[in-house]
Amino acid sequence: MAWNAWGDPALAKPLSADIRSLLEQLLGVSPQEGAAPTADEVRLRPGSLAAEDLAALAAIVGDGHVSAADADRLPRAGGKSTPDLLRRRSRAEQDAPDAVVLPGTEDEIAAVLALCGERRIAVVPFGGGTSVVGGLDPVRGGFAAVVSLDLRRFDTLTELDEVSGEATLGAGLTGPRAEELLAERGFELGHYPQSFRFATIGGFAATRSSGQDSAGHGRFDDMVRGLRVVTPAGVLDLGRGPASAAGPDLRQLFIGSEGTLGVITAVRLRVHPVPAVKVHEAWNFPDFATGAAALRAVEQQGTGPTVLRLSDETETGVNLAMTSKIGGGQVATGCLAVTVFEGTTEQTAARHRLTRELLLAAGGTSLGEEPARAWEHGRFDAPYLRDALLDCGALCETLETATSWANLERLKGAVTEALQNALQAGGTTSLVMCHISHVYPTGASLYFTVLGAQKGEPIEQWAAAKAAACDAIMANGGTITHHHAVGTDHRPWMPQEIGELGAAVLRAVKGAVDPAGILNPGKLIP
Ligand SMILES: Cc1cc2nc3c(=O)[nH]c(=O)nc-3n(C[C@H](O)[C@H](O)[C@H](O)COP(=O)(O)OP(=O)(O)OC[C@H]3O[C@@H](n4cnc5c(N)ncnc54)[C@H](O)[C@@H]3O)c2cc1C
């Protein structure tokens, strides 16, 4: 993973001259002055961990698994939000964890946490490094130093129960590696967030991730059957049986706990046989409301697509202009929807037939399979486009929420208006695009992508727009996050999301498992 951009540097794609000129004409985007620093030129805040602390950490995990070198600190300095990437491009001094620790066993994690508690060192668990909400910020929270606890050595498939369809996967396995290990035995997890290539099993659990196949396979939290968590107070092994009435489900406290309550080391997950067949079909709807009603009909009747998503008019038009390949010009107006079906031949055919009957009846026009295949083919590539846009002086970032079907249009309108007004106040004309990519019988997610010109200090420019959007989400019945999690960025809105008493409950749990408060201070818990 590139330290200052998304993904594999070999796959970076500069924008064409035509696109750059279009962005300049439409949005006034022009390159910013000053070249971004190379890794050698970046100035990191000097590490503040004492030599004896480093030696004590090395005594636990081994010399080769602790580092205070800038080359190891820099890639763990934060996640991959636009503000993270803008910070990495800055020549001002950047903050970073004081050291990186790579434990190999649960006992080592427990010993590291005990040492950090004694010596007042904060700990930030680190998975794939793809957080977009400040979840990896090296916040010291009043402690003397902060270390990044990298889980990459927890990288095995420890058990596959083929009869029950359950697999136990190490927290540090990336999405592709987990799927590779399962595929060797004919199984699949089917969790494909856009960050799939780099994010990890532990990170998915810690953030309540949602993948693009959620219509068929559910969110990551739906897949979790059990998990092991090392906390400063001891180890928890949660989840017995396929379902249980033994009080509140404690797994749910640790799923989504974002490294504030414990370190997830292994997750037992529902898996399924690799599907025999896949069928793709794209659709055009005259407008977003008609398309959303069609998706609702499909989800409420349960006809079973694996992927079900709808872009609004702006996103459909911009995607077409940027890629020049979605739909071959057929969807220049209206809204593009994508459906994918999978399973056995018979199941897939039945699911496809029932769904297309509903979509036709709801006003959809079939565009055939090609646009849906093109979407699937490029589905992990869009983040590279964001880097190219930032390089050209554009501001580009995403945010997401969810609400009931009845409230969807109101929330979409309010968030769009809040973003546009906040950016306009700073002199920036923006394009706000939106799609639905996760559906439920009672509602859906809304995912916004914002594009404009960088003006002045772009991190502050985006912070103002994001705050306006978050206020609009809370005022109009949305959740502060559907799948990106809370981190530092959404934490100010948590009291509105869960109430003061809810916040007190979270603080009480934290007090029980992390009495010194060393785990990920300043994140999630208000
Ligand atoms: C381009 C891009 C696309 C994205 N697309 C999606 C998407 O489609 N769906 C989606 O849900 N999210 C998406 N995300 C957000 C992000 O990928 C998810 O939140 C992901 O689950 C994070 O996993 P990770 O392994 O990278 O965790 P990290 O980013 O390393 O960590 C995330 C948080 O979890 C904590 N954590 C990590 N591992 C552990 C552990 N083992 N135990 C305890 N705490 C831990 C960290 O301290 C941090 O607070 C996207 C992000 C980017 C940059």
Side-chain angles (χ1 to χ4, degrees), residues 1-2 5-7 75-76 78-82 84-85 97 103 106 109 113 122-139 146 148-155 169-175 178 191-214 219-221 227-231 254-267 309 379-387 396-400 435 437-438 445 447 449 481-491 514 519-525:
M1 168 79 96
W6 176 249
R76 279 108 172 164
K80 295 292 176 192
S81 67
T82 291
D84 286 320
L85 298 177
E106 288 186 349
I109 294 178
L113 296 182
V123 178
V124 179
F126 188 97
T130 67
S131 169
V132 281
V133 291
L136 298 167
D137 286 3
V139 178
V146 57
S148 174
L149 190 84
D150 191 317
L151 275 299
R152 68 181 53 193
R153 292 174 68 203
F154 290 77
D155 61 353
L169 291 158
L173 282 168
T174 60
H191 183 66
Y192 298 109
Q194 200 181 44
S195 53
F196 166 74
R197 289 185 179 143
F198 299 93
T200 60
I201 295 295
F204 296 147
T207 59
R208 290 190 183 276
S209 167
S210 195
Q212 293 166 343
D213 293 13
S214 63
R219 297 159 54 92
F220 197 79
D221 43 20
L227 70 172
R228 285 184 65 84
V229 191
V230 181
T231 78
F254 291 88
I255 301 173
S257 62
E258 302 184 31
T260 62
L261 301 180
V263 180
I264 298 164
T265 56
V267 189
R309 50 193 294 131
R379 65 169 158 170
F380 302 128
D381 294 340
Y384 292 102
L385 189 59
R386 177 179 55 160
D387 289 312
C396 177
E397 181 57 309
T398 64
L399 60 93
E400 40 74 60
H435 66 240
S437 45
H438 307 280
S445 67
Y447 187 93
T449 303
T481 173
H482 167 265
H483 60 264
H484 278 171
V486 178
T488 51
D489 296 8
H490 294 140
R491 187 171 172 249
D514 178 22
L519 279 169
N520 231 355
K523 320 285 167 60
L524 172 64
I525 303 174

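Counting convention: from 1, in listed order, for ligands and their atoms alike. Below, all heavy atoms of this structure are taken into account, side chains as well, without hydrogens, waters or symmetry copies.
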> Mind checking whether H435 and Y447 have parallel, tilted or perpendicular rings, split at 30° and 60°?
Replying inline: parallel

> Does A206 reach ligand 1 with a nitrogen or oxygen that is under 3.5 Å from one of the ligand's nitrogen or oxygen atoms?
Replying inline: no

> With a cut-off of 4.0 Å, which atoms of ligand 1 are near a heavy atom of F204?
Replying inline: 21 (O)

>> Checking the N or O distance criterion of under 3.5 Å, is ligand 1 in contact with G135?
In response: yes

>> If you compare all heavy atoms of D150 against all heavy atoms of P103, which two are closest, and at what distance to 0.1 Å?
In response: O-CD, 3.4 Å

> Looking only at N/O atoms, are G129 and ligand 1 under 3.5 Å apart anywhere?
Replying inline: yes

>> Ring of F220, cation from R208 - is the NZ or CZ under 6.0 Å from the centre and inside 45° of the axis?
In response: no

>> Taking side-chain contact (heavy atoms from CB on, under 4.5 Å) as the criterion, tell me which of D489, T398, L399 meets it with H484.
In response: T398

>> So, taking the atom named OG in S210 and the one named CZ in R219, what distance separates them when rounded to the nearest 0.5 Å?
In response: 5.0 Å

> Near S209, which atoms of ligand 1 are under 4.0 Å from a heavy atom of that residue?
Replying inline: 10 (C), 11 (O), 21 (O)

> ligand 1 and I264, any nitrogen or oxygen pair closer than 3.5 angstrom?
Replying inline: yes

>> Return the closest protein heavy atom for atom 25 (O) of ligand 1 as residue, atom name and distance.
In response: T200 OG1, 2.6 Å

> Is a side-chain N or O of E258 found less than 3.5 angstrom from the main chain of G135, in a donor-acceptor match?
Replying inline: no

> Between H438 and S214, does any side-chain donor sit less than 3.5 Å from a side-chain acceptor?
Replying inline: yes

> So which of L519, V123, N520, V124 actually passes side-chain contact (heavy atoms from CB on, under 4.5 Å) with L149?
Replying inline: V123

> Which residue and non-hydrogen atom of the protein lie closest to atom 16 (C) of ligand 1, and at what distance in Å?
Replying inline: T130 OG1, 3.2 Å

>> Using a 4.0 Å cutoff against the non-hydrogen atoms of K80, which atoms of ligand 1 qualify?
In response: 53 (C)

>> To the nearest 0.5 Å, what is the distance between CG on D387 and CH2 on W6?
In response: 9.5 Å

>> Treating R491 as the side-chain partner and I525 as the backbone partner, does any N or O pair qualify as donor plus acceptor under 3.5 Å?
In response: yes

> Any N or O of P125 that comes nearer than 3.5 Å to an N or O of ligand 1?
Replying inline: yes

> Using heavy atoms and a threshold below 4.0 Å, how should the contact between T207 and ligand 1 be classified: side chain, backbone, both, or neither?
Replying inline: side chain

>> Return the closest protein heavy atom for atom 13 (C) of ligand 1 as residue, atom name and distance.
In response: S195 OG, 3.7 Å

> Between H191 and F204, is a ring pair (Phe, Tyr, Trp, His ring centres under 6.0 Å) present by the stated rule, with each step listed?
Replying inline: CA-CA 9 Å; H191 183 66; F204 296 147; 4.5 Å; yes

> What do we get for W6 next to ligand 1 when only non-hydrogen atoms under 4.0 Å count, side chain, backbone, both or neither?
Replying inline: side chain

>> Once you restrict to heavy atoms under 4.0 Å, what part of P383 touches ligand 1? Side chain, backbone, both or neither.
In response: side chain

>> Among all the protein's non-hydrogen atoms, which is closest to atom 7 (C) of ligand 1, and how far away is it?
In response: P193 CB, 3.3 Å

>> If we ignore hydrogens and angles and just use 3.5 Å, is the side chain of D213 paired with the main-chain N or O of Y192 as donor and acceptor?
In response: no

> Got an N/O contact under 3.5 Å between G128 and ligand 1?
Replying inline: yes

> Looking only at heavy atoms, is any part of V132 under 4.0 Å from ligand 1, and if so is it the side chain, the backbone, or both, or is it neither?
Replying inline: side chain

> Would one find an N or O of S210, backbone or side chain, under 3.5 Å from an N or O of ligand 1?
Replying inline: yes

> Considering only heavy atoms of L151, which atoms of ligand 1 have at least one such atom less than 4.0 Å away?
Replying inline: 41 (N)

> Hey, which atoms in ligand 1 end up nearer than 4.0 Å to a heavy atom of V263?
Replying inline: 42 (N), 43 (C)

>> Quick test: of every protein heavy atom, which one is nearest to atom 29 (O) of ligand 1, and how far off is it to 0.1 Å?
In response: S131 N, 2.7 Å

>> Under a 3.5 Å distance rule, please check whether T82 uses its side chain to pair with a backbone N or O of C396 as donor and acceptor.
In response: yes

>> Give me the nearest non-hydrogen protein atom to atom 10 (C) of ligand 1 as residue plus atom name, then the distance to 0.1 Å.
In response: H483 CD2, 3.3 Å

> Tell me, which protein residue and heavy-atom name are nearest atom 31 (O) of ligand 1, and how many Å apart are they?
Replying inline: L136 CD2, 3.8 Å

>> Strictly distance-based, threshold 3.5 Å: is any side-chain N or O of E400 a donor or acceptor partner for the main-chain N or O of H482?
In response: yes

>> Taking only non-hydrogen atoms of E258, do any sit less than 4.0 angstrom from ligand 1?
In response: yes

>> Between T260 and D514, does the side-chain contact (heavy atoms from CB on, under 4.5 Å) criterion hold? Intermediate values first, please.
In response: CA-CA 8 Å; T260 62; D514 178 22; over 6 Å; no

>> Any nitrogen or oxygen of R386, side chain or backbone, less than 3.5 Å from one on ligand 1?
In response: no

> Side chain of S81, backbone of D84: donor and acceptor closer than 3.5 Å?
Replying inline: yes

>> Is it the case that ligand 1 has an N or O less than 3.5 angstrom from some N or O of N520?
In response: yes

> What residue and atom, counting heavy atoms only, is the protein's closest point to atom 43 (C) of ligand 1, and at what distance?
Replying inline: G262 O, 3.4 Å

